[in-house]
Amino acid sequence: MHRLAHLPPHLPTPSPPPTRHSPASAATGGAMGSDGGGGCGGAEAAEVEGLVSEAMKRCQARGEAPAAWSVEVARCVVSRGLELPSAELGQAVVARLSSGFGEPSLWKFLDHAMASRLISSLHALCLLTPRVLSCRQAQPEAYRLYLDLLARYTFSPEDFPSKASRDKIVRAIDADLQFSRIYGINVRELGHILVIFFFNAIVSLIDSTIDDWGLQIASMGGLCGSFESMEHHQRNVGIRGSEDNKRSGHREYIRNMNSLIAMEVLENLTRSRKALALLRLIHMNMPDKFNGLLQRLQFLETCKLPSPNLISAKEVLARLSSNIHKVLAFESDLKRSFIGMFLNIRSIKSVPYSDSGSALSACWAPFDIYVETAMDGRLLPVTSASAILTELIFSLQALNRASWQDTFLALWLSALRLVQRERDPPEGPVPHLEARLCILLCIVPLAITGVLMNDVDLSSTSSCDLSASILSDPGHGHKIDEKVHGLMRNGLISSLQLLGQFSGLLHPPELVQDAANSAAAKAANASSKQMRGNDSIGVGDHDVLVKCGGNMRHLIVEACIARRLVDTSAYFWPGYVLTSVLSIPDSSMKEMSPWSVFMEGGALTASLVSSLVATPATSLAETEKLYNVALNGSNEEKSAAATIMCGASLSRGWNIQEHVVKFVVKLLSPPVPSGHNGPHSHFVDYMPMLSALLFGASSIDTVHILSLHGVVPEVAAALMPLCELYGSLNPLSSSESRTSKEPSVYMVFSAAFLFLLRLWKFYKPPVEIGAIGADLTLEFLMLLHNSRKSLASHDSSPQNEVNSSMNQTFSMSDEPVYIDNYPRLRAWYCQNKICIASPLSGLCSGSPVHQVANKILSMIYSKMTRSTSSSGNSSTTPPNSGLGGSPTSAGEEPHQRPVLCAWEVLEAIPFVLEAILSACTYGRLSSRDLTTGLRDLIDFLPASLATIISYFSAEVTRGIWGPVPMNGIDWPSPTQAIQSVESEIKEILAAAGVNTPSYPPGVEPMLPLPMAALVSLTITFKLDKSLEYILAVAGPAMEDCASYCPWPSMPIIGSLWAQKVRRWHNFIVVSCSRSVFRQNKEALAQLVRSCFTSFLGPLDDLNRLLTNQPCLNGLLGNKISALGVPPSIAPGFLFLRSSRFIQDKEYLSDTIIKLVVEYGSKLATRCPETSSARLKSGQASLSLASARIKEVGLLGASLLCSAGGLYSAQELLRETIPTWLLTTREETHGEGGFVSRMFEGYALAYLVYLTGTFACGIRARAAPWAYSRRPQIIGMHMDFLAGVLGGNMSIGCGPVMWKAYVSCLVGLVVSFAPAWVREVKHETLARLARGLWGWHECELALSLLERGGFATMGPLAEFFSVMD
C-alpha cells in the first residue's frame, strides 16, 4: 500500500478520459475484448472485467481510496475460483487503464495491485508497454508513470500459488504479444517472457527516444520484434484531438524530459547483474538481435542531438552503452574468481621462433600426437584426417586463447616434424614417406580450408580475437563473421611467412627435393617476369633447379595456392625467392612434361605410360581426362589409365590428391556403358581396368592415403559388388594360365576381396567380438557409408565431414548399400564369424561343401605326391584318403585344378584346414607338406589367405592344438637370429624406460601348431611389389595372432622373418617390441609413466617440472631411425604404435588417471597455503603450476584418445571417472594436503574436459563421428555430477578434490565448450547450478545457466532474488 506514495506528485492533472460514447472509447472497448481473451479465455476475461469494473465503481461511489479497492477486487476474483495473481484481473485492469490513461486513481490502483501481487507485475508491464509507447506523445503523463513502474517492477520477484497459475499467465502474455511467433521459439516459462520482454523494452525505449528526438537510423539491425512494431496494439489507444490535448508549455517539457528519463531508467536497469544475465542470453542465442541493439547505441552516441538541453543525455547514453557492452566481456567476472585463475591460462603468447620449432609450447602437443598416430598403417581410420584436424584446430585455438597466426604456425610445424621424423624410414610393410607428406601437403591444407569455409562458430572462437573485433567496432556486429574470417586468413598468411625462420625443419627429403626446387623455380619465374619482362628460368635443367634452393615451405605454399588459401602474391614475400636465383640466365630448354604430351592427344605407349605413372599430375583437367580414358578407352587404354591413376598422381600429387582419390573411388564403381547389352554385369566389361585399379590401389602406402582422406566406407561399398560378382564367376578353364596378361577371374576377385578385408579386422578372435568399442565391422562401414550418402544428399554445407570434393565420391545410385544385397558375400561373412566364434561342426558326407573340400584336398595332395615322389619322402598320406575318409573321384587327374567359383572354394576351406591340421597332428602329414599344401592353395586362389588367417587365429585363441618345436627339422628354426632380436628388443624397451623379464636361455622355441603353420606359410611368400596386397593382409593378422600365444612367440616369429628378409631387421625388431605391451600390464604402466617423464619431467625433480619447457622431442623423438644404426624409439612413439592394440583399455585409463593425479599433487608442493583465499597472494607460482596442470591434462587426454578415440572418452566419462571419484582412497595429510587435493581435482578436470574435446569437438555442430553420441557422453557425466551434488551418492575422493574437480570442469565447459551445455538436460543444469551456488561459485552457476539457452531461464530466475 505504501507504494502509492511513489507516484510522482509533481505531475500535472492528466487529461480526462473520453466519454463512454466517444469513438475512441468504442474502439478501445472493441479491442479490449480481443485482448482480454489472450490466453485467458475471451468470455471469462470479459466476465471478470465486468465484475472488476463494477467493484471499482462501487468503491469510487463510496469515496474509498484506490488502495482499498484491492480488497473488493480480490474478493470478486476469488469468488470466481481464480488464483492470485490473476491473469484475468491483469487483463481487465490494463484494459480499463488503457481506456483512461488520465485517471490517477487507476494508476494508483495498478501500482497497489502489482505491489500486493494481485496481478503479476511482469504481466502488467508486458501489456502496458506497447499501449503506452504508442501514445506517449498524446499522453506524456502516462508515459512518465509507466517509466516509474518499469523501473520499480521489472525485476520484482514473482510468486505464484501453483504451476498452473504461472503457466496461465505465460500463455496469456504470449497470446497477447505473440513472442513465440515473432522470435521463433517455444515460449513455455516465465523466464522466457522475462528475457524477451526486458530486451524488447530496452529496444523499444531506445527506438522511441530516437523517434522523439527526430532522428532517423538507416537500419534497425533486423530487429522486428520491438513493441513499436506490434501494430495490433496501436488501435487500442484513441489519440484525442480535443483542445485538452494541445501541447502546453509544461506538457512539452514533460515530453522532452521523458526521453531523458527513459534513458536513465534503462541505465539503472542494465547496471544490475540480473540485466547482464538476461542480455547475455540474447547475445548468445540471438546475436543478430543483440547486434541491432549495439547498432542503435552507436548511432545515439555518434549522432548530434537536436537540443542543447539534451547534452546531459550524452553522459547517460555513455553509461548505458558501457553497461550493454559489459555483456561482450562478461567472462572477466569469471576470470577474477579463484577458479578463473586456472581457466585463464595463456600458455604462450607467441610461438618461439627457434630453428627447429622444438621449443614449441606443450599446449600444441596434441597436433604432433595426432598426426603421428595417423601414421600407423595397421589401423585404417574411417574418418578423414582433415576433418579431425579441423576440429582439433578449433579446440586448441580456443583452449590456448591463441591468435590464428600461432595456431596455424603450430600446425605447420607439427606436420613438418612429422616428415622430418621419418625422412629416411626403415624398410618394411608399413606406410612410408608419401603418407607423411600427404599429411603436410594435402591433409593440413584441407583442414585449414575446413576452418576457413565453415560458418564461424562464435562459441569456439578465441575471445582474444572475437572480443577485440567486436569491441573495436560495436556498431557493425553483423560483420563479425567477416572480421573473424579475415583474422583467420591473415593469420594463415602470417604463419606461412614465419615458416621461413624454421630452417631446421624445411630441408626437403630426397624424395621431394626436385619438387621443392621446381616450386621455388616457379616462384622465381614469377618474380623474374616482373623484373625482366617475359624472361623466365627454365624448369627442365636440373642444375638450374638445384640453384633455386627449394625447400618444404615452397611446397607448402604451392599446396595452399592450389586450394586458394593464398594467392600468387606469396611469390613476392621477402626472402621467399633467393636473390641469386633471379640473376640466373635462361640458358636451358624447357622439357615437355609427359602430361602435356597426354593432354595433346599422345597415344598411351609403354614409355609414356611409365612416365605418367612416375610423374604426378598437376591439374584437375589432367586427371579428369585420365578418368574418361579409363571408362571409355580400349581395354589396353583402360588398364593403362587405371595404372596411371594409382601411380605418382595418387601418392605424390599433393596439390590435387583429394581429387585423384575421388576418381579412384568412382572408378571402383564404373557406370553402365551406354552400349551395354546382355545378361552379364557391366563389371565384366571393365575387368582389365578394374584389375589394374585394384592392384594399383592395393599397395600399403596407397591404401593408407585413401584412409587418410576418409573414404574407407566408400571403398568398402564399391568393393562389395565386385566381390559378389567375380566370386560367383567360374574361371575360363581349370588350366587357365596364371602368367597370361589377361587378368583371371580368381586374381581380380582375390584383389578385391583382400582389399575389402583390409578395411576391417575380419580375423578378430572371439574374446573381442561383441565388445563395445571393438574394431570395425562390415555392417558398421555400410552404416557409415549410407549415413554419409544421406547427409550429402540433404546437406550441401561445407561442414560435412567429407568436405570439398569428397561429397562426390559416392556411387551413382542413391540407394543405401547393405550386406544383405550380396548373398554370396553375406554367406561367407556369416560363416567367417561362426568360424571365429566356435569350432567347426561336423560336415555331412556327400554335401556340396563336402565334395568341394574333397576336390581341394585332392589338388593339394596331388602336388604333395609329386613333390614327395621326387624327394623320396613317404610321410604323406596318399591322396585317396580325402576329407572325412571319402575317396576322391577316380576320374580326376592329379594335376588338374577344380573348376569352381571362388565362393565355393572359400566356403570349403575351413574344413580343408581342419583336415590337414589333424593329419599333421597325427603324423599322417609332414610339416613341410602342410606348408606346401597351404602355399599351393594360395597359389590356386590368393583370397583363400583370408580364411586361413581367420581359422588359424581362432584356433590359436581356443588353445586346442598343442605346441610344436621350432627346431629346424619339423618346422623352421629361429636360432640364427633370436638372440640378437631379443637383445635389441630389450635395448629398445630399456631406452623407453621399460624393464621386462628375459626369455630363459636353453629352452627350445615352440609355437602352437596353427601359429607355426601360419608363420611357415608366410615366410614362403616372395617379397614382390605385386604381392603387397597379400603381405598387407598377412602381416598385421600374424602379429595379432601372436599376441594370443605365450611369450616369446612374437620374438620367435620376428626372428624367422628377420632371417628371411635382413633389410627388414629394424622394422621387425620394433614390431616385436610393441607386442610386449599387449601381454604385460606392468610393462604398459612403465611405458605410460615414461611418456609423462619424457615430456613433463620426472616427478622427483620439482624444479625441472616447473621451470623446464615440456619436450616434444623427448616424447616422440626427432628421428626414428638412421640407416645402419640400431633403432632407438622414443617412449611416446612406442606408445602410439602399441596403444590401439591394447585389449585392457580400462587398465590403461586407470594408469593415466593415476599419473595425472600424481603430477597434480606434486605441483601443489610449491603452494603450501591452506586455503584458496591465501593462494591468490602467490599468483606467480600459482600461474606456473596451473599452466603445468593444463599440460599434464593435455598429455593424458592425448594419450588416452590415441589409444581408444571416442570409445575411450565414453568409458572415461561414463564409468572410469565416476568410479574413481566415488572410491575412497587414502589421503595425504600434512603440509600441502589441502592444496594437493585441490590441484588433483583441477588436473583430473582438465583430463576429462580435454578427452571429451578431442573425441567430440567443441563446436555447436558436433564432430561428424560423434554427432549422435556427444550429447549422451557429456550428458551422462553431467547427470552424475548433478546426482552427487543433489545428495544421491556419496563421494570417496574427499570434499576438497570434489569441489575443485566440479568447479574446474564446469568452468572449462562454460569457457571453451558452451555448445556442450545446450546438449545437457535442463534439469541437470539446474541441479548443477544450485550446487555451485551453494559453494558460492555464483558467477560460474550463472554462466552455466546462461549458456543453456532460453530453456534454462526458469532455473536462472530462481537466483534473481539473491543475484545482486
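What you see is a predicted model, and the numbers here were worked out from it, not measured in a lab. Residues: numbered from 1 along the sequence shown.
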TODO: Could you tell me whether Glu714 and Lys789 make a salt bridge, using a distance below 4.0 angstrom between a side-chain N and a carboxylate O?
DONE: no

Task: Check ion pair Asp376-Arg1140 (N to O, under 4.0 angstrom) - done: no

For [Y], is there any backbone N or O sitting under 3.5 Å from a side-chain donor or acceptor partner on [X]?
X: Trp595; Y: Thr615; value: yes
X: Gln405; Y: Asn490; value: no
X: Gln657; Y: Leu650; value: yes
X: Gln397; Y: Ala402; value: yes
X: Trp364; Y: Asp406; value: no

Does a side-chain heavy-atom distance below 4.5 Å link [X] with [Y]?
X: Leu565; Y: Thr449; value: yes
X: Leu778; Y: Leu756; value: yes
X: Phe663; Y: Leu620; value: yes
X: Leu396; Y: Thr407; value: no
X: His704; Y: Cys438; value: no
X: Leu416; Y: Phe502; value: no
X: Lys662; Y: His709; value: no
X: Leu1199; Y: Ser1139; value: no

Sequence neighbours excluded, which residues qualify as salt bridge (charged side-chain N to carboxylate O under 4.0 Å, His left out) partners of [X]?
X: Glu558; result: Lys522
X: Arg1074; result: Glu1039
X: Asp701; result: none
X: Arg436; result: Glu372, Glu422

Going by side chain to side chain donor-acceptor pair (under 3.5 Å), name the residues that satisfy it together with [X], two or more places apart in sequence or in a different chain.
X: Thr618; answer: Glu622
X: Ser1138; answer: none
X: Asn786; answer: none
X: Gln513; answer: Asn517

TODO: Just do the side chain to side chain contact (heavy atoms under 4.5 Å, CB included) check on Glu391 and Arg1259 with the steps written out, would you?
DONE: CA-CA 8 Å; Glu391 296 295 334; Arg1259 291 186 291 164; 2.5 Å; yes

Kindly write out the residues that satisfy side-chain contact (heavy atoms from CB on, under 4.5 Å) with [X], not counting sequence neighbours, or none if the list is empty.
X: Ala614; result: none
X: Leu511; result: Leu433, Glu434, Leu437, Arg652
X: Thr373; result: Ile369, Leu1136, Ser1202

- [ ] With sequence neighbours excluded, tell me which residues meet ring-ring contact (aromatic ring centres under 6.0 Å, His included) with Phe1135.
- [x] none

Open item on the list: Which label fits Tyr576 and Trp573: parallel for a plane angle under 30°, tilted from 30 to 60°, or perpendicular past 60°?
Closed with: perpendicular

- [ ] Look at the rings of Phe1312 and Tyr1249 and say which category their plane angle falls in: under 30° parallel, 30 to 60° tilted, over 60° perpendicular.
- [x] tilted

Task: Exercise: do His659 and Glu624 side chains pair donor with acceptor under 3.5 Å - done: no

Could you tell me the separation between the [atom1] atom of [X] and the [atom2] atom of [Y], rounded to the nearest 0.5 Å?
X: Leu499; Y: Ser494; atom1: CG; atom2: OG; answer: 11.0 Å
X: Ile656; Y: Ser649; atom1: CD1; atom2: OG; answer: 6.0 Å
X: Cys646; Y: Leu667; atom1: SG; atom2: CG; answer: 8.0 Å
X: Ser619; Y: Asn655; atom1: OG; atom2: CG; answer: 11.0 Å
X: Ile448; Y: Leu411; atom1: CD1; atom2: CG; answer: 5.5 Å
X: Trp412; Y: Leu409; atom1: CH2; atom2: CG; answer: 10.5 Å

[X] versus [Y], closest heavy-atom pair with distance:
X: Leu392; Y: Tyr370; result: CD2-CB, 4.1 Å
X: Thr390; Y: Ala447; result: OG1-O, 3.0 Å
X: Ala1266; Y: Leu1206; result: CB-CD1, 4.0 Å
X: Arg563; Y: Pro445; result: CD-CB, 3.8 Å
X: Gly1117; Y: Ala1130; result: N-CB, 3.4 Å
X: Ala559; Y: Leu441; result: CB-O, 3.2 Å

Open item on the list: Would Phe695 and Tyr1029 count as a ring pair (Phe, Tyr, Trp, His ring centres under 6.0 Å) here? Give the steps.
Closed with: CA-CA 7 Å; Phe695 283 101; Tyr1029 75 106; 5.1 Å; yes

TODO: Tell me whether the centres of the aromatic rings in Trp404 and Phe408 are closer together than 6.0 Å.
DONE: yes

TODO: Tell me, with the steps shown, if Asn1118 and Arg417 meet side chain to side chain contact (heavy atoms under 4.5 Å, CB included).
DONE: CA-CA 7 Å; Asn1118 55 7; Arg417 280 192 295 273; over 6 Å; no

TODO: Could you walk me through whether Arg553 and Leu498 pass the side chain to side chain contact (heavy atoms under 4.5 Å, CB included) test, one step at a time?
DONE: CA-CA 10 Å; Arg553 183 166 74 134; Leu498 290 172; over 6 Å; no

TODO: Take Leu399 and Cys363 through the test side chain to side chain contact (heavy atoms under 4.5 Å, CB included) and record every step on the way to the result.
DONE: CA-CA 9 Å; Leu399 177 69; Cys363 61; over 6 Å; no

